[in-house]
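Written out below as structure tokens is the structure these notes cover.
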2 protein chains.
Amino acid sequence: MAEGRSPFRRPPTMRDVSRLAGVSPMTVSRTLADPGLVSQETRARVLAAVAQLGYVPDRGAGGLSSRRTGFVALIVPTLTNPNFADTAAGLTQAMRPRGYQPLIGVTGYSVSEEEVVVRAMLSRRPDAIVVSGMQHSPATRDLLARAGVPVVEIWDRPKAPVDRAVGFSNYEVGRLAARTLIGLGATRIAGLGPERTGDVRDFRGEERLRGLRDGLGQAGLPDDRILHHGRAAGAFAHGAEAMAELLRRGGAEAVFLVSDISAFGALMECRRRGVQVPEDVQILGFGDIEIGRQCVPRLSTIAVDATEIGHRTGRLLLGLLDGEADLPNAIDLGFRLVLRDSTAPR
Amino acid sequence: MAEGRSPFRRPPTMRDVSRLAGVSPMTVSRTLADPGLVSQETRARVLAAVAQLGYVPDRGAGGLSSRRTGFVALIVPTLTNPNFADTAAGLTQAMRPRGYQPLIGVTGYSVSEEEVVVRAMLSRRPDAIVVSGMQHSPATRDLLARAGVPVVEIWDRPKAPVDRAVGFSNYEVGRLAARTLIGLGATRIAGLGPERTGDVRDFRGEERLRGLRDGLGQAGLPDDRILHHGRAAGAFAHGAEAMAELLRRGGAEAVFLVSDISAFGALMECRRRGVQVPEDVQILGFGDIEIGRQCVPRLSTIAVDATEIGHRTGRLLLGLLDGEADLPNAIDLGFRLVLRDSTAPR
DNA sequence: GCTTGCGTTGGTATCGGTACCATGGTTCCC
DNA sequence: GGGAACCATGGTACCGATACCAACGCAAGC
């Protein structure tokens, strides 16, 4: 009764700890931040008081004072795509041991939503910002540039980065796809990506298809089978729908899909219709997600190491935040062709 | 030059806005928090100043003062499993429009890591905590109970919840799996889950297998084909490895796997070995992830609505945070059997 | 005309930490 | 033996917002 609304007592503060340990709050702060600064004996007393009270420091208050929040904003189109989930995991793995907490924002591939999310992130004063892609609204670009903290654009290779970049060229991925499928003997080559519905666009996927188109053009092949069809990227159903549409239009000897997720959907659609892969149609995906390695036939793909993008971004940021000099402005992690069972020379 | 380390100027504060608009900081605060409290004319001037300066409020400072941070901690085993990614999306969708920011922590199915993550979350003073499962270390349970904010345990149905719960009974999922496979005419029934390596355990998966075992026992069937084999849950390879092991041991007529991810891996392993599904072996999964709907044959599964778990949790929390009374302590969302093509009566 | 009350605005204290500077006590060394 | 150098600790002023209360002007009410 006396305690009132029972579970809602307030957590102990540093002041409480300091009183119990018989020292000043500053000494508690030092004990926790840099134990080497206090004497062995004092440290023991403080830590005992911390344990007894179950004290957990308030990093919000600490951040206000020190101007370092320990947040790293990570803005991705979706977490449902394992590529981005892996990048998030890689970044977390690299930065959490050093006390940084990722703050994840999801845009759903929408440019306007990205702006909203960036604003929400900025209100938390992150120590660094990681954002997918290089295509932003002017307002978003401005927000990022003025944020006053390191900004890393990932999963792309911007010509004019806001600040830093870690990724690869999506356009060159598309060109490699063209060369690869041509090299495998195909001449009727298709490219499948999602529809653009207003503000919702997969810019990087479009860039890969642009590379494919140019690659085909340079080889003197027609690019009339490049389709933007079906719902937004990141859903298996997209690939199935797009492949169905392609077959309706006469099919192709080889198909490049903007993501392995779609490629898997396409593969299954072929199976449902009795279209043999790779005999009747070859399928090449992008991203190298685990499903592609497990499914039958295994998916040929242009692989990027999503986890490594997270790692490298994390290490770059740690260097930047430690004030190291001579850190690269852009890291190109490249990509590599992995031919498995959904393609075969003919 | 004069500007110094150029991009690192400090963002404008409410004080800057107030000076530009010719009002007090309090009026700026009110304009942003509850515009109805200021006159039309003042509001216009303040908003103009906000826009001109590109002011973004510091919610860390605001939280310190108001004791409401706007954070909701969400602690999950992994984001790579689409089930949890969907729950995260559902929770975000429900709470972000009201200004709450999810703070995602990933435990990797480790009990000790969960404690570390909970502590990290608590240091951000979230307004609410959402945590997967009901099995925690005593220290974690204590931290949660003393946090002084609403706690929701999800994806389970705890007998003694820390506070609230939104989920379903994993044990009953297992029993339904047993009844289902028996009803389809199988007598040699297997259950496959991951190994427990020390501190890393999938408690909910184990619970589903326990339900299966009891279900088999009650029907007088042997439970000697319940295997814990292969790497941790959440990887497709797990299902493939476990299925390979099962086949090595003589196989089964029907198999229940603790997750659709594993079930898909198992399905592909069968394909590689020329084992026909469902003719030679029936496969039943759990979770109803999209791959299972797209693959061939389509996966039979016991479905739960992961997104809805996030939604309902979000709505419950909004009610709790608004101080509504008469909110349920536990919400059981249940599950349902979805028979597709990987099972068939024999 | 003076009180009452509302709508609008401002002042001050405070949230829980950390930066920065000051202090007292030792040790070291020429 | 006296001062520099250092170690361990404390005091004070913030960080950037909001809660709370006071005060102002003006209209309504008696």
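Numbers restart at 1 for each chain; the letters A, B, ... are given by sequence-line order, proteins then strands. Given the structure is predicted, the values throughout are model-derived calculations rather than measurements.
A:S65 contributes no side-chain N or O that, together with a main-chain N or O of A:A61, makes up a donor-acceptor pair within less than 3.5 Å.
The separation between B:Y55 atom OH and D:dA17 atom P is 3 Å, rounded to whole Å. The CZ-P distance, from A:R43 to D:dA8, rounds to 9 Å in whole Å. In this structure, B:D58 places its CG atom 6 Å from C1' of D:dG16, rounding to the nearest Å. A straight line from CZ of A:R68 to C1' of C:dG16 spans 16 Å, rounded to a whole angstrom. Between the CG atom of B:D127 and the P atom of C:dC15 there is a distance of 18 Å, rounded to whole Å. As rounded to whole Å, 13 Å separates atom C1' of C:dT9 from atom CD of B:E41. Distance A:L37 CG to C:dA19 C1': 13 Å, rounded to the nearest Å. What separates CZ of A:R15 from P of C:dC15 is a distance of 11 Å, to the nearest Å.
Taking every side-chain heavy atom of A:A61 into account, C:dG17 is the closest of D:dA8, D:dG10, C:dG17. Listed nucleotides: C:dT18, C:dG10, C:dT8. Nearest to the side chain of B:T27: C:dG10.
At C:dG17, none of the side-chain N or O atoms of B:R124 fall inside 4.0 Å of OP1 or OP2 (strictly under the cut-off). Remark: B:S24 is not in phosphate contact with C:dG11, judged by side-chain N or O atoms under 4.0 Å from OP1 or OP2. Residue B:S39 has a polar side-chain atom (N or O) positioned under 4.0 Å from OP1 or OP2 of C:dT9.
Between B:R30 and B:D34 there is no salt bridge, since no side-chain nitrogen of the basic residue lies less than 4.0 Å from a carboxylate oxygen of the acidic one. A salt bridge links A:D322 to A:R98: one of the charged nitrogens lies within less than 4.0 Å of a carboxylate oxygen.
Closest-nucleotide positions on DNA chain C for B:M26 and B:L64 were compared, and the one nearer the 5' end corresponds to B:M26. Checking A:G63 against B:V23, the closest nucleotide of DNA chain C that is more toward the 5' end is the one next to B:V23.
One can find a donor-acceptor pair under 3.5 Å joining the base of C:dG17 and the side-chain atoms of A:S65. Not a single donor-acceptor contact under 3.5 angstrom links the side-chain atoms of B:S66 to the base of D:dT18. Residue-to-nucleotide contacts include a donor-acceptor pair under 3.5 Å from the side chain of B:R30 to the base of C:dG10.
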Can A:L320 and A:L327 be said to form a side-chain contact (heavy atoms from CB on, under 4.5 Å), step by step?
-> CA-CA 7 Å; A:L320 246 23; A:L327 291 166; 3.5 Å; yes
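Residues A:E153 and A:H136 have side chains that bring a donor and an acceptor to within less than 3.5 angstrom of each other.
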